[in-house]
Amino acid sequence: MFHRTAPLIAALLWTQTSLTSAGNILVYPVEGSRWVNMNIILKELHRRGHELTVVRSSMSLQVPENAPHYRSLTVRVSEAINLDKPDQTALLLKNTIESRRSKWSVLALIAAYQTFFNLMEQGNRVSAEMLRTILEDKTLIKNLQNAKFDLMLTDPFYGSGVVLGSYLGLPIVLNVRWIMSREAHFAIAPSPLSYIPTFGSELSDRMTFRDRLKNLWHHSLIQYLDHMITRPAFQALVSEFIDPKADIFSLTQGADLWLMRVDFAFEFPRPTMPNVAYVGGFQCKPSSPLPDELELFMQTSGEHGVIVMCFGTRFEGLDFNLSEIFASANARLPQKVVWRHGGPKPSTVGNNTLILDWIPQNDLLGHPKTKVFITHGGTNGIYEAIYHGVPILAIPLILDQFDNVVRLKAKGIAEVLEVTELDVDALTRSLQNIVDEKQPYMENMRKISSLHHDTPLKPMDSIIFWLEFVMRHKVAAHLHTESYKMSWFAYYNVDIFAFQCL
């Protein structure tokens, strides 16, 4: 099933004979927005002289086979999945919206979670199938072993990179925000459910009794996903190639270093571990000059400034006319609007609105004329807004976006609207509130942005330092606890309590 070519073998041999002192890194990425983050790191590693080999599927839609900053190892597979494909996200988006519109009726809630579980099952299954293709190819494995990689860099949203790195005996560094079925901290650090909100709970770190009950319920759903879908997908491979007593979760917990895409200027405080390096916002950068026509549009906004609006492709395929609502609300405003919109042009677009298929989002957010960022609440866009100090109007659609906007609201840097309750008046009021200097949004965002920038080491520099640290010392085991090897009853001292009760 795996097609090996002479250039691939030559690339692996080349990594052994390089005369530089640079590191030799094997990279196992995940598709979608996670690849966007990973690729930024890879370009910086390449710029600093490190050699990179990226494992990719022959069906990959995002990871190029040919790139100037890495060599690819393409695995021939019969099928692949991309969770960001519009046709696959559409059903999840539809069911999520329906569940919120019906105020979380039992049937709508079951449909939303069933769709999510199905997507996760399919993604884990296909990832495991690709991994088996690699592990059963003895020639490929021999080439990988002979390449003498210094470490495995992987995103553990799916577990294939962790298993392959463990099989090759490599130090493992995780570029991480989510680990398969949960927020990554829940795998490595103490996470009391009394004040640590879990995925899907839409809670802050200040919980009432009812909130804590809701948090526990959502945690139970994630436990189901973990034990019934994620772990079984990889267990046969882990048992056959690693250790019958291990599972994908314990292998991930044993990773040497976690590059956590988190900044506590945005996140709620929580316990952590010494092998976690916080690199939230590493993808952000100073703005570059805009194209002449776009710069002219920005400058003609006068004292009112500009609103930047971007949802990517998330609104495509929705069953109600949100674009007309946005166009009508924007037309009421004195500000100008730059709107990334790939669908048909709404009939109510005003003369103050510029619609583009693509926008230089970072450069627009860094422009002094930009006053507000309208977004669905994706992590990358949020950190760019924080980096540039632009307050947010958030309209979450799916998955972690609902949890993200809870944090935005708690920090006082955004207004949040429900997509199912959106109308022209509500949208207009929210935008007017955010640009109103009497409101605290801009001042709060300036404070959060200042905290984000005030660090002894910039996030990207921190990433490079820790990757090179692992390569220098070959391991970072002194930084991680052995608690993950304990049984649950020993970890929680259940056996001690039982003994005392005798």
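The number of heavy-atom neighbours closer than 6.0 Å to CZ of Arg472, taken from other residues, nucleotides and ligands shown, is above 12. Environment of NZ in Lys409: sparse, with no more than 12 heavy atoms of neighbouring residues, nucleotides or ligands closer than 6.0 Å. Lys458 NZ: more than 12 foreign heavy atoms inside a 6.0 Å radius.
Counted by atom type alone, His218 and Glu202 present zero donor-acceptor pairs between their side chains at under 3.5 Å. There is a side-chain donor-acceptor pair under 3.5 Å between Asp211 and Thr208. Donor-acceptor pairing under 3.5 Å is recorded for the side chains of Tyr278 and Thr272. Between the side chains of Gln114 and Asn118, at least one donor-acceptor pair of N or O atoms lies under 3.5 Å. With hydrogens and angles left out, the side-chain atoms of Ser250 and Asp247 include a donor and acceptor closer than 3.5 Å. No donor-acceptor contact under 3.5 angstrom links the side chains of Arg182 and Thr198, judged on distance only. Side chains of His388 and Asn362: a donor on one and an acceptor on the other come within 3.5 Å.
Looking only at distances, a side-chain donor or acceptor of Ser160 sits under 3.5 Å from a matching main-chain atom of Ser127. Side chain of Gln235 to main chain of Ala246: a donor-acceptor pair is present (N/O by atom type, distance under 3.5 Å, no hydrogens or angles). In terms of modelled atom types and a separation under 3.5 Å, the side chain of Thr370 and the main chain of Val306 share no donor-acceptor contact. With hydrogens and angles ignored, the 3.5 Å screen pairs a side-chain donor or acceptor of Ser166 with a backbone N or O of Val162. A donor-acceptor distance shorter than 3.5 angstrom exists from the side chain of Asn215 to the backbone of Leu193, with no hydrogens or angles considered. No donor-acceptor distance shorter than 3.5 angstrom exists from the side chain of Lys336 to the backbone of Gly305, with no hydrogens or angles considered. Side chain of His50 to backbone of Gly23: a donor-acceptor contact under 3.5 angstrom is found.
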Under the side-chain contact (heavy atoms from CB on, under 4.5 Å) rule, what do Arg231 and Asp226 come out as? Steps first, then yes or no, please. CA-CA 6 Å; Arg231 298 194 197 197; Asp226 178 34; 2.8 Å; yes

Could you check Glu31 against Ser60 for side chain to side chain donor-acceptor pair (under 3.5 Å), going step by step and ending with a plain yes or no? CA-CA 8 Å; Glu31 300 276 330; Ser60 175; 2.6 Å; yes

Can you check salt bridge (charged side-chain N to carboxylate O under 4.0 Å, His left out) on Arg177 and Glu267, steps first, answer last? CA-CA 12 Å; Arg177 182 67 180 89; Glu267 285 288 341; 2.5 Å; yes

Give the intermediate values and the outcome of ring pair (Phe, Tyr, Trp, His ring centres under 6.0 Å) for residues Phe117 and Tyr224. CA-CA 10 Å; Phe117 288 166; Tyr224 170 84; 5.5 Å; yes

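Atom-to-atom distance recorded for Ile463:CD1 and Gln283:CD is 9.0 Å, nearest 0.5 angstrom. Leu365 contributes atom CG, which lies 7.5 Å from atom CD1 of Ile359 (distance to the nearest 0.5 angstrom). Interatomic distance, CH2 of Trp217 versus NZ of Lys214, reported as 9.0 Å (0.5 Å rounding). If you take CG on Leu225 and CG on Leu221, they are separated by 9.0 Å, rounding to the nearest 0.5 Å. The structure places CG of Leu427 at 6.5 Å from CG of Asn330, a figure rounded to the nearest 0.5 Å. With rounding to the nearest 0.5 Å, the separation of CG in Leu153 from CG in Leu257 is 10.0 Å.
Across every non-hydrogen atom of Ala187 and Ile179, the tightest pair is CB-CD1, 3.7 Å. Of all heavy-atom pairs between Pro271 and Pro192, the closest is CG-CD, 4.4 Å. Smallest separation of non-hydrogen atoms from Pro269 and Tyr195: O-CE1, 4.5 Å. Between Pro286 and Asp363 the shortest heavy-atom distance is O-OD1, 4.5 Å. Between Val405 and Ala394, the closest heavy-atom pair is CG1-CB, 3.5 Å. Contact record, Phe311 with Ile395: CE2-O, 3.9 Å, taken as the closest heavy-atom pair.
Side-chain atoms of Pro171 and Met152, non-hydrogen and from C-beta on, never get closer than 4.5 Å to each other. Side-chain contact check for Leu322 versus Val419: some heavy-atom pair is nearer than 4.5 Å. Taking 4.5 Å as the limit, some side-chain heavy atom of Met273 sits within range of a side-chain heavy atom of Val276. In this structure the side chain of Leu467 reaches within 4.5 angstrom of the side chain of Leu151, judged on heavy atoms. Taking the side chain as every heavy atom from C-beta outward, Tyr28 and Met130 approach each other to under 4.5 Å. Counting heavy atoms from C-beta outward, Arg270 and Pro190 have side chains that stay 4.5 Å or more apart. Counting only heavy atoms from C-beta outward, the side chains of Pro396 and Asn404 never approach each other to under 4.5 Å. Here the side chains of Asp400 and Trp178 are in contact, with some heavy-atom distance below 4.5 Å.
Taking the six-membered ring for Trp and thresholds of 30 and 60 degrees, Tyr113 and Phe116 have ring planes more than 60 degrees apart, a perpendicular arrangement.
For Pro232, there are no side-chain contact (heavy atoms from CB on, under 4.5 Å) partners, not counting sequence neighbours.
Salt bridge present: Arg48 and Asp461 bring a charged side-chain N and a carboxylate O closer than 4.0 Å. A salt bridge links Arg332 with Asp425: the closest approach of a Lys/Arg side-chain nitrogen to an acidic carboxylate oxygen falls below 4.0 angstrom. At a threshold of 4.0 Å, the pair Asp155-Arg261 counts as salt-bridged, since one of the basic side-chain nitrogens sits closer than that to a carboxylate oxygen.
Ring pair Phe199/Phe402: centre-to-centre distance not below 6.0 Å.
Evaluation of the ring-ring contact (aromatic ring centres under 6.0 Å, His included) test over residues 432-461, restricted to residues two or more places apart or in two chains, returns Tyr387-His453.
Cation-pi check for Arg125 over Phe234 is not met; the charged atom does not lie both under 6.0 angstrom from the ring centroid and within 45 degrees of its normal.
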